[in-house]
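Notes follow the structure.
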Amino acid sequence: MPTVFLLSATMLVSPALAEVPGPAHVLHHKTGPAAQAGRGYVDSEAYLRGIVAVRLGDDLEAAQAFRTALLADPTDTDLLRQAFVRSVMVGAPQAVELARIVDKTPKDRSVISALVLGDDAAVRGAWPEAVQYYHRAGADPMARLIVPLLLAWCQQAQGHADEAIESLLHVPGSVLTPFYTLHAAFIAQVAGQSDRAETLFVQAQKAMPGYDMLLTRSHAAWLWTHGQQDKARAVIRKLVATDSILGLAGPALQADIAHYPVTSAREGIARAYVLTAFLLRQQAREQAQQGMEGEGNALNLFQFNEAARLMLGFALAMDPTLGDARLMLAEIQDDEHHFAAARETLVRVSPQDPLAMIATLRLAVLETTNDHPAEAIPLLQHLAQQVPGQIIVERSLGNAFSQTKDWKAAIAAYTRAIDLADAQKSPDWTLLFLRGMAYHEAGNWAAAKNDTCAALAYAPDEPLLLNFLGYGMVEQHEDMAEAEQLLRKAHALDDQDAAITDSLGWVRVEQGDLAGGIPLLEKAAEQTPEDPEVNYHLGEAYWRVGRKTEAVDQWNMALGLHPGPADESLIRAALQKAGVPPTVSAGSGSPAPQPDAALQPASVQSVQEQGKHTP
């Protein structure tokens, strides 16, 4: 995408989206929630509810709260902007009236108000009026990319399909040419120009950088309705084969194969907004992949997400049935750690939507990563019945059962996933590792070791596997020299991983090399000061060299970090050996912060949830 697209995300939300002020700016009044502030009154109760809702990602509550606060002072332009933008994000009908209020003052007008009013005119069938508003929105650098689509659909709705198609096929030098071509094909199909639609579908396919689900579904529908059923089914099969998650939607997409996803101008406009949100998300991902840190980068990501959510609000206002819009919205909410909002978005995907099974999987994963595996398991079991033979479902079931410590069920789920992967000739070492961890937790070290060795055959230089196997052998006091060799290799591959550093230090201590082991354990403790197992190891090493006071301090610290049952038994036994009662120091009882599993690659989420240090 061109630089102007990257830089103009802020222009999309400004001036309509003002920065949400903190609670310190709200005046409280002992006699009631409304407090005098400046020229008007602030309904501080509603205002604070709006601020909290924004922080929690609850745009529906935020919109309602800011609209309530606006009633106390209709002249407050900041409140007007907040109420307006949040109402747009949730597709609230009040957004139109608020847009009219904003639009009355030229200095407050924005691309957002123009788009809202244009969409309202389109919904009412007032297409010439919609054209006027969309033209005004086109003054914005970013909106200029989407406006050709909006105007073309207005032309189609007024009976000028040929002019609409030509306008999209002759946008000079646009990076969106493949998508303009796709919408030209939609317009041709809606207008009854089937032959021209087929030509444009093929042309769009050639120009598209990768598989596009909307294009593929539309082309498959064309093939089906023109007697080419076998070819249509093959097109859908090829699409779902490109992505394991799309495989869940395969049966539903096949069942819906004869239906065109876009059948009206209103649906076409909604899809144009989804496209814009998708492009904003791609920009956000590219920026995140660059690894830029700092407040400025965080602000840019926030702005991208806000802009994408606005576009999805436009889309859902035009077509509330769009399942892919809700999936994208839930993804943004999840990324921003607004889990309750993401859950609500996912449950609103219609069961009749071809992507409903994907929404169910996303909901189950969301529940699992937010410590609600009991809610996830029945969802996943339903998926396994409705769409059998899906590796990703069985893996997710294994992860959920592991979280509930039902190791037998976890092992069975991982085994089914492994068998499916083998049958598809696509073995996956992470599945073997996940099952190996479950075997270990179930007390079957031999099976755990076998799975880990099998995984290492596929990924011989994976530090995670080397650490698991080496540390497990130390736990079993099994061939300590080989265990140290494995851990040295892991450390050479990743010397900044505290868990691996601790494992290498511990194997040296267990072999009597205290001078070589203690510095490694101390380094690991510095890197992860709130890991109870690391503190236990360091305490044990200190005890063996006679630094008994420091050992007891380390054990008491470890006990205060909420260790698991096995580690807690070791720590209490060590303190009993020292002849001192356990003393949990104040402030040491907070659990160690855990990485957000939702942001980890799906292949290793469950592994990292259980920790890289202990097998």
Residue from Gln94, Gln64, Arg67 passing side-chain hydrogen bond (donor to acceptor under 3.5 Å, both in side chains) with Ser87: Arg67
For Phe339 and His337, take the angle between the two ring planes, folded into 0 to 90°, and tell me which bin it lands in: parallel under 30, tilted 30 to 60, perpendicular over 60. perpendicular
Can Thr225 and Tyr260 be counted as having a side-chain donor-acceptor contact under 3.5 angstrom? yes
Quick check against the 3.5 Å criterion: does Gln156 have a side-chain atom that pairs as donor or acceptor with the backbone of Ala152? no
Show your reasoning for whether salt bridge (charged side-chain N to carboxylate O under 4.0 Å, His left out) applies to Glu336 and Arg309. CA-CA 12 Å; Glu336 294 180 337; Arg309 284 162 63 192; 3.1 Å; yes
Evaluate Asp319 against Arg266 for salt bridge (charged side-chain N to carboxylate O under 4.0 Å, His left out), listing each step before the verdict. CA-CA 7 Å; Asp319 184 359; Arg266 185 168 174 175; over 6 Å; no
Would you check if there is a donor-acceptor pair between the side chains of Asp119 and Tyr273 at a distance under 3.5 Å? yes
Any chance the side chains of Gln333 and Thr345 put a donor and an acceptor closer than 3.5 Å? yes
Hey, does Leu327 have a side-chain heavy atom less than 4.5 Å from the side chain of Arg362? yes
Exceeds 12 heavy-atom contacts within 6.0 angstrom, atom CZ of Arg348: no
Side chain Glu367, main chain Leu363, donor-acceptor under 3.5 Å: no
Below 4.5 Å, heavy atoms only, C-beta onward: do Ile392 and Ile245 meet side chain to side chain? yes
Can you confirm if the aromatic rings of His183 and Tyr180 lie within a centre distance of less than 6.0 Å? no
Dump the intermediate steps for salt bridge (charged side-chain N to carboxylate O under 4.0 Å, His left out) on Arg217 and Asp324, then the final yes or no. CA-CA 13 Å; Arg217 289 182 61 195; Asp324 46 357; over 6 Å; no
Report yes if the side chains of Leu149 and Leu275 come closer than 4.5 Å at any heavy-atom pair, otherwise no. yes
Indicate yes or no: at least one non-hydrogen side-chain atom of Gln352 is less than 4.5 angstrom from one of Thr321. no
If we ignore hydrogens and angles and just use 3.5 Å, is the side chain of His170 paired with the main-chain N or O of Glu166 as donor and acceptor? yes
Would Asn305 and Arg281 count as a side-chain hydrogen bond (donor to acceptor under 3.5 Å, both in side chains) here? Give the steps. CA-CA 7 Å; Asn305 284 336; Arg281 289 291 287 160; 2.9 Å; yes
Ignoring hydrogens and geometry beyond distance, is a side-chain donor-acceptor pair present between Gln193 and Asp162 at under 3.5 Å? yes
So, do Asp103 and Tyr133 sit near enough that their side-chain heavy atoms are less than 4.5 Å apart? yes
Taking it one step at a time, do Gln390 and Leu383 satisfy side chain to side chain contact (heavy atoms under 4.5 Å, CB included)? CA-CA 9 Å; Gln390 299 296 320; Leu383 278 178; over 6 Å; no
Do Arg81 and Asp76 pass the salt bridge (charged side-chain N to carboxylate O under 4.0 Å, His left out) test, and can you show the C-alpha distance, the side-chain angles, and the key distance before you say yes or no? CA-CA 9 Å; Arg81 289 168 182 166; Asp76 188 320; over 6 Å; no
Measuring only between side-chain heavy atoms, which start at C-beta, is Val102 closer than 4.5 Å to Ile112? no
Could you check whether atom NE2 of His226 has more than 12 heavy atoms from other residues, nucleotides or ligands sitting under 6.0 Å from it? yes
